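Fair warning: this is a prediction, and the values are worked out from it, not measured in the lab. Chain A is the first sequence line, chain B the second, and so forth, proteins listed ahead of strands; every chain is numbered from 1.
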Amino acid sequence: MHNVEIAWVFYEIADLLEIKEDNPFKPRAYRKAGRTIAKWDQPLSALKEDEIRAIPGVGAALAAKITELLKTGKCEYHQKLREEVPLGLLEVLAIPGLGAKTARTLYRKLGITTIDELEAAAKARKIRTLPGMGNKTEFAILHGIDMLRTGSGAAPVGVATAVGRNLAEFLAALPEVTQVSLAGSTRRMKEMIGDIDLVVASEKPVEVTGLFVKHPSVKEVSAHGENQVKAITWLGIQVDLLVVGPQEYWAALHHFTGSKEHNQRLQELAGERGLKIYEYGVFPEGQDESLPVNSEEDLYLALGLPYIPPELREDEGEIEAALEGTLPDLVSVEDIRGDLHLHSKWSDGVATIEEIVAAARQRGYEYIAITDHSKSLAIAGGLKEERLMEQHRYIDELNRGLEDFRVLRGIEVDILSDGRLDYGDELLSGMDVVIASIHSGFRQSREEMTKRMLSALKNPHVNILAHPTGRMLGRRDAYEVDLEKVFEAAAKYDKVLEINASPDRLDLNAENVRRAAKDYGLKIAVNTDAHHISKLEDMYFGIGTARRGWLEKKDVINTFTLEELGRIFGKRG
DNA sequence: GCCGTTTTCGGCCCGACTGTTTTCAGTCG
């Protein structure tokens, strides 16, 4: 049993306990342990009992449940809870703004046990009859259900990539397999992934597919042919595996990378040149032997085109640009010299500044900015003025001991509900980097929210606007804001907008990034907002979004040298 | 249910926001 599966059981136990109204600290204990287990380096199945017991947050009771899960694949306590609580309520909990207490009230007063029943009750205006709930709650529930339904079945790219890589690594290790790649929307770095596509080159497709369906991540096989498999993994994500001969690999990889629209345009182009493109190769009209295709470059070359990177293959102007020779030279992870939005132990991060520096240097970075939370965000350990000054003195001291690396003294300052910043100008003027962002008052009107952001952008000390729309993928919509006005103001006051690289956010998204950079000439910072050193790797997803937004190195400020960066930040205020 | 030089019970991230109230409960981060 995979660590994540154990964590999953614990999360569900936590939800069930909350609905049951047990000791409120119990679910917290299960969640905390679940989070730790999910991130644990070694598989728990490889650990001895006392090693499991030594995991922080795992006591005698949870250790016993882990052992039981590893041995039997089940946990009696979990099963018992599932019998006591209607399971549909777990789905109901996924509706934003609706927690365990409300779920319980809905169950006890209206007998609601599923999302469908909840929707019917909301439409029949029964929700507003309950104590503490009114028409707005009812509307929010309907809106939330709508959001869940449109996103259902799809996984954020972060999850899909992790699952896909895991399977790809397994396949790559098989002696029968010569090549393997993620394809489809995961390779194109779309933000939500419907199914994971894997393309494999092998002379022995039957053996490969036969092993694949036995992989522990595979929960259910919906189709199993000689050279392809459709399966559902333990996270409920569909995976499509295609095995082709080594000669057909590149054409197949290209075909299953898509998008469909991009491929259709290529087929039209091929037709004009007397060629046909299939997933098996590029064929001159009337012949059944493919032109030699030993890379995706070869395939584009056959059509008289330069190579088009996967992130651009959406038929959104890339074919025209390729024909004109004006394709962008996309920014890449290797171009990145530093991360400008990071949290340390001083607020709600888990690493010391020294640990972050070490991890950043390992990635080849030349600088980072430590940008902990400001005082209003008390729950995240936001820094009071004196603490912030203390941190900056600490960083100064640290910098004195560092060669070829620089820690910038920064802050992620909250934009308060009325548009003021959480610190005064005097304090902000002493920072190397000021990131402004919104963590409260998400439901203000479009006018208020826009005004609030413009007021922050006007502040001469602000350098970067972080996660500008506040959306959380599949969980929370962007807040109401007039982005055009934000872009205009950012251009006017010379501010940088962020691509928050956390795969839960990816904010700005690719479409907005492309508009901001191309229509408004704005510079972008791709930042991970990491609270843990392992999350520095999220840069990959941020750069994916930047590439989907057609950004080049010159558009992204954290590809610049420290000196260039200083000029960008220094010319303000 | 976990944790502890506050050792075996009593804490456990805590304040803002929202919608419903008319002083507060529930949710979120």
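- A sub-4.0 Å separation between OP1 or OP2 of B:dC13 and a side-chain N or O of A:Arg28 is present.
- For A:Ser440 and B:dG15, the shortest distance from a side-chain N or O to OP1 or OP2 is not below 4.0 Å.
- The side chain of A:Ser376 places no N or O atom within less than 4.0 Å of a non-bridging phosphate oxygen (OP1 or OP2) of B:dA16.
- Set against B:dC2, B:dT27, B:dT20, the side chain of A:Lys136 has B:dT20 as its closest nucleotide.
- In this structure, A:Ser417 reaches the B:dC17 phosphate: one of its side-chain N or O atoms is under 4.0 Å from OP1 or OP2.
- Taking only side-chain atoms of A:Thr137, from C-beta outward, the nucleotide of B:dT27, B:dC2, B:dG19 with the closest atom is B:dG19.
- Contact annotation for A:Ala60: backbone-only contact, meaning every heavy-atom pair under 4.0 Å involves sugar-phosphate atoms and none involves a base.
- Residue A:Asn135 is classed as a sugar-phosphate contact, given heavy-atom separations below 4.0 Å to backbone atoms only.
- A:Leu377 comes within 4.0 angstrom of no nucleic acid atom, judged by non-hydrogen atoms across all strands.
- Relative to the six-membered ring of A:Tyr540, A:Arg165 meets both conditions, a distance below 6.0 Å and an angle of at most 45° to the axis.
- Within 6.0 Å of CD in A:Gln362 there are 12 or fewer heavy atoms belonging to other residues, nucleotides or ligands.
- A:Ala140 comes within 4.0 angstrom of no nucleic acid atom, judged by non-hydrogen atoms across all strands.
- Rounded to the nearest Å, the gap between the C1' atom of B:dT7 and that of B:dC2 is 14 Å.
- In this model, the phosphate group of B:dC12 is not approached by any side-chain N or O of A:Lys26 to a distance below 4.0 Å at OP1 or OP2.
- Between the side chains of A:Thr528 and A:Asp339, at least one donor-acceptor pair of N or O atoms lies under 3.5 Å.
- For the residue pair A:Asn500/A:Asp529, the side-chain donor-acceptor check at 3.5 Å is satisfied.
- Stacking here means ring centres nearer than 5.5 Å and ring planes tilted less than 30 degrees, and by that measure A:Phe25 stacks onto B:dC12.
- Residue-to-nucleotide contacts include no donor-acceptor pair under 3.5 Å from the side chain of A:Asp348 to the base of B:dG29.
- Geometrically, A:Lys65 does not engage A:Phe10 in a cation-pi contact, judged by NZ or CZ lying under 6.0 Å from the ring centre and within 45° of the ring axis.
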